[in-house]
Amino acid sequence: MKEEAKEIHISPWMHITGTGVGLHPDVILPTSGHVYVARLNGYDMPDESSAFQQFWEILKFPEYFGWNWHAFYDCLSDLHWLSSDYHILIIKSADLALSKDVAARDEFFRSLWRAGQRWSYIKRPEGVTLSKLSVILSCDKEATSSLAERLSLAISRSGPSIA
C-alpha cells in the first residue's frame with residue numbers, strides 16, 4: 001500500500017482517497033472505450049439491506065439478484081447488462097458504509113476486493129495497468145488510514161482462495 005497525501009492505492013483496482021484529494025485520471029480512466037461510472041454514498045448504506053438496495057438501483061442489478069453476499073459478488077463479477085467496457089464505482093463516505101454491522105461491512109469490502117480482482121487488470125500500451133473494474137473509496141482525510149486498515153483486515157480474512 002502506497003500512501004500519498006491521504007490517497008492510498010490498495011491495488012490497481014482499489015483506491016482510498018480523502019475528500020478533496022483527487023486521483024489522477026490515468027489511474028482509473030481508460031484511453032478509449034465505454035465507461036460506466038456509479039456513484040454511491042456510504043451514508044445511505046448503514047446496513048446490509050440498504051447496501052444491496054443502493055447497488056441494485058445504481059448498478060441496475062438484474063431482477064434475479066438474490067439479495068445476499070454471494071449474489072452481490074456474482075453481480076459485481078459480471079455486469080454484462082451495463083454494456084460498457086470499464087466500470088468505476090465511487091463510494092463517497094465509504095467509512096460509513098454498513099456502520100451498523102461490522103461482519104456485513106467486512107463482507108462488503110471483501111466482495112468489492114474480490115470482484116475487482118476477478119476483473120483483474122490489463123496492460124495498456126504505455127505500460128500502465130488498468131482494471132476493468134475500479135473501486136474508489138472516498139472519506140474524510142482523517143479517516144483514510146483507519147479505512148485502509150479495516151479494508152486490509154477484511155481482505156486478509158478472505159483466505160487463500162479469493163475467487
Check: [Y] main-chain N/O paired with [X] side-chain donor or acceptor under 3.5 Å:
| X | Y | result |
| --- | --- | --- |
| Ser11 | Met14 | yes |
| Arg118 | Ser77 | no |
| Trp119 | Lys132 | no |
| Trp81 | Leu59 | yes |

Side chain to side chain donor-acceptor pair (under 3.5 Å) partners of [X], counting only residues at least two apart:
| X | answer |
| --- | --- |
| Ser84 | His87 |
| Asp74 | none |
| Asn41 | none |

> With the 4.5 Å side-chain cut-off for hydrophobic clustering, are Val135 and Ile58 part of the same group?
Replying inline: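 In one cluster: yes.
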>> Could you go through Phe109 and Leu151, starting from their C-alpha distance and side-chain angles, then the distance that decides it, and tell me whether this counts as side-chain contact (heavy atoms from CB on, under 4.5 Å)?
In response: CA-CA 6 Å; Phe109 287 135; Leu151 183 59; 3.5 Å; yes
>> Is there a side-chain contact (heavy atoms from CB on, under 4.5 Å) between Trp13 and Gln117? Walk through the geometry before answering.
In response: CA-CA 7 Å; Trp13 60 87; Gln117 186 179 47; 3.5 Å; yes
Non-hydrogen atoms of [X] and [Y] that approach each other most closely:
| X | Y | result |
| --- | --- | --- |
| Phe65 | Trp56 | CD2-CD1, 3.9 Å |
| Ala94 | Leu137 | CB-CB, 3.7 Å |
| Ala71 | Gly66 | CB-N, 3.4 Å |
| Ala154 | Asp106 | CB-O, 3.7 Å |
| Ser49 | Trp67 | O-CZ3, 4.4 Å |

Can you measure from [atom1] ([X]) to [atom2] ([Y]) and round to the nearest 0.5 angstrom?
| X | Y | atom1 | atom2 | result |
| --- | --- | --- | --- | --- |
| Ile10 | Ile136 | CD1 | CD1 | 12.0 Å |
| Thr144 | Glu149 | OG1 | CD | 10.0 Å |
| Leu147 | Leu96 | CG | CG | 9.5 Å |

Heavy-atom side-chain contact between [X] and [Y] under 4.5 Å:
| X | Y | value |
| --- | --- | --- |
| Leu76 | Leu112 | yes |
| Phe61 | Phe52 | no |
| Thr17 | Ile8 | no |
| Val35 | Asp85 | no |
| Met45 | Leu40 | yes |
| Ser93 | Cys139 | no |

>> For residues 94-104, which residue pairs pass the side chain to side chain donor-acceptor pair (under 3.5 Å) check, not counting sequence neighbours?
In response: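 Matches after skipping sequence neighbours: none remain.
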> With sequence neighbours left out, what residues match Phe55 under ring-ring contact (aromatic ring centres under 6.0 Å, His included)?
Replying inline: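 Partners of Phe55 by the ring-ring contact (aromatic ring centres under 6.0 Å, His included) criterion, ordered by chain and then number, come out as Phe72, Phe108.
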> Which residue pairs pass the salt bridge (Lys or Arg N to Asp or Glu O under 4.0 Å) test when at least one of the two sits in residues 37-61, sequence neighbours left out?
Replying inline: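 Matches after skipping sequence neighbours: none remain.
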> Who are the side chain to side chain contact (heavy atoms under 4.5 Å, CB included) partners of His70, not counting sequence neighbours?
Replying inline: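 Expected list: Asn68.
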